[in-house]
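Heads up, the thing below is written out as structure tokens.
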Amino acid sequence: MKVLLGISGSIAAYKALLLTRLFVKNGHEVKVVMTKDAVSFVQPLSFSTLSKNKVYHSFYNETGNQWNNHVDLGLWADVILIAPATANTLAKMATGLSDNILVATYLSARCPVWVAPAMDLDMWKHPSTQRNISQLQSDQVQIIDVDDGELASGLSGKGRMAEPDHIFEVITKTKVNPYNNNIPLSGKTVVISAGPTYEAIDPVRFIGNHSSGKMGIALADEACKMGATVHLVLGPSNLSPQQAGVQVTKVVSTNDMFQAVTSFAPQADIIIMAAAVSDYTPIHVSDEKIKKKEGEFSIPLKRTPDILRHLGKQKPAKQLLIGFALESSNGLENAQAKLQKKNLDLIVLNSLKDKNAGFKHNTNKVTFIDRHNKITKFELKSKTAVAVDILNKAIELNHA
Ligand code: CTP
């Protein structure tokens, strides 16, 4: 594979040396294009030595008498990877501002393009960066989500460039997008919650539930393949999405989930609450581990916010709101009541009584009840297939 590695000016530029080595060692050909700021972080000589190819960092050669042809470079590549991609480079890519050879090459390319962003946490969270990311996703650029951890500024949070091993894996292993010629959610933002929530009792104990997060993660992966910008708000789960483009925010409690989901909600075209949210939380969280005593013991609980109901109350006209209902009896009536009470467009009912469906299983058996009270019953199928049914129904409702 011919890999064009673009490097922009971030301290993470040193990791691009490891990436170059990984690709070359595994038999790929690498050509490197750098911005001027990237050159301040790492010498082009290091990249030309590792890649055994000339490195490009300006439109002209040193003496200024020869033009470096960005069109040829763009057409040469089987894949373009920009790692690290700074907020500045992402903004230029999103708007087509090609004042350097890296962005000019990107604009000339016809191959798949990946970016691995790297920046400080507030820059990553900033609405303008998130807007540029959404724009790039609708332009079919694939985003490799940033890592959470220590940042060059000394702060800690989301913004670190993904590790070279992970980037290499994602690019070499990702299958061709099966929706390539049909990306019905292109330009749409989908917010999905998944997994359980944990409500702390003391430093070692919590109130939780058996949700694995599989259904919500399947929804996030399928929405991403359909071209959407996807924010997955994920409670404590051992699982994570397969699609590198899914932007994951990890949360623990119902309150954390409320904060994260409501922060993404204003930009969302579709919100799907697949999480199994705790309805109660302890009134007091003990700082110390609670010691056992003789006799019975009870924990006073208070209600948590109903996230979906809150979203339903302030739903913008064009936003689609989808909830789940897990019921053990009177499923249809209970689900219909939740649809009304929470002002939903669709509720997905699953029954605790169906074999191989619901919590922890790879399969699910659901019934849809939409805002027109149309009821559709499905057979048992994989959670991936259920996710596709839900997203197709969302697309249908959006057009209705
Ligand atoms: N939900 C939520 N916030 C809560 C509780 C539930 O957003 N505090 C969402 C769930 O993610 C789901 C829907 O509301 O999409 C229905 O959840 P469910 O637990 O079935 O119903 P509840 O509203 O909690 O009602 P009940 O427990 O009485 O069945």
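All ligand and atom numbering here is 1-based and tracks the order in the structure.
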Which is closest to atom 23 (O) of ligand 1 by heavy-atom distance: K342, E327, R303? K342
Is atom 28 (O) of ligand 1 touching the protein, meaning some protein heavy atom lies under 4.0 Å away? no
Is the closest protein non-hydrogen atom to atom 19 (O) of ligand 1 under 4.0 Å? no
Would you mind running through ligand 1 and noting each atom that sits below 4.0 Å from a heavy atom of [X]?
X: A275; answer: 10 (C), 11 (O)
X: L308; answer: 2 (C), 7 (O), 9 (C), 13 (C), 14 (O), 15 (O)
X: G323; answer: 15 (O)
X: A325; answer: 20 (O)
X: L326; answer: 20 (O)
X: T304; answer: 8 (N)

So, 4.0 Å and heavy atoms of K341: is ligand 1 close enough to count as a contact? no
Contact with ligand 1 for P305, non-hydrogen, under 4.0 angstrom: yes
Under 3.5 Å, is there a donor-acceptor pair linking the side chains of N68 and K54? yes
Any I171 side-chain heavy atom under 4.5 Å of L81 side chain: yes
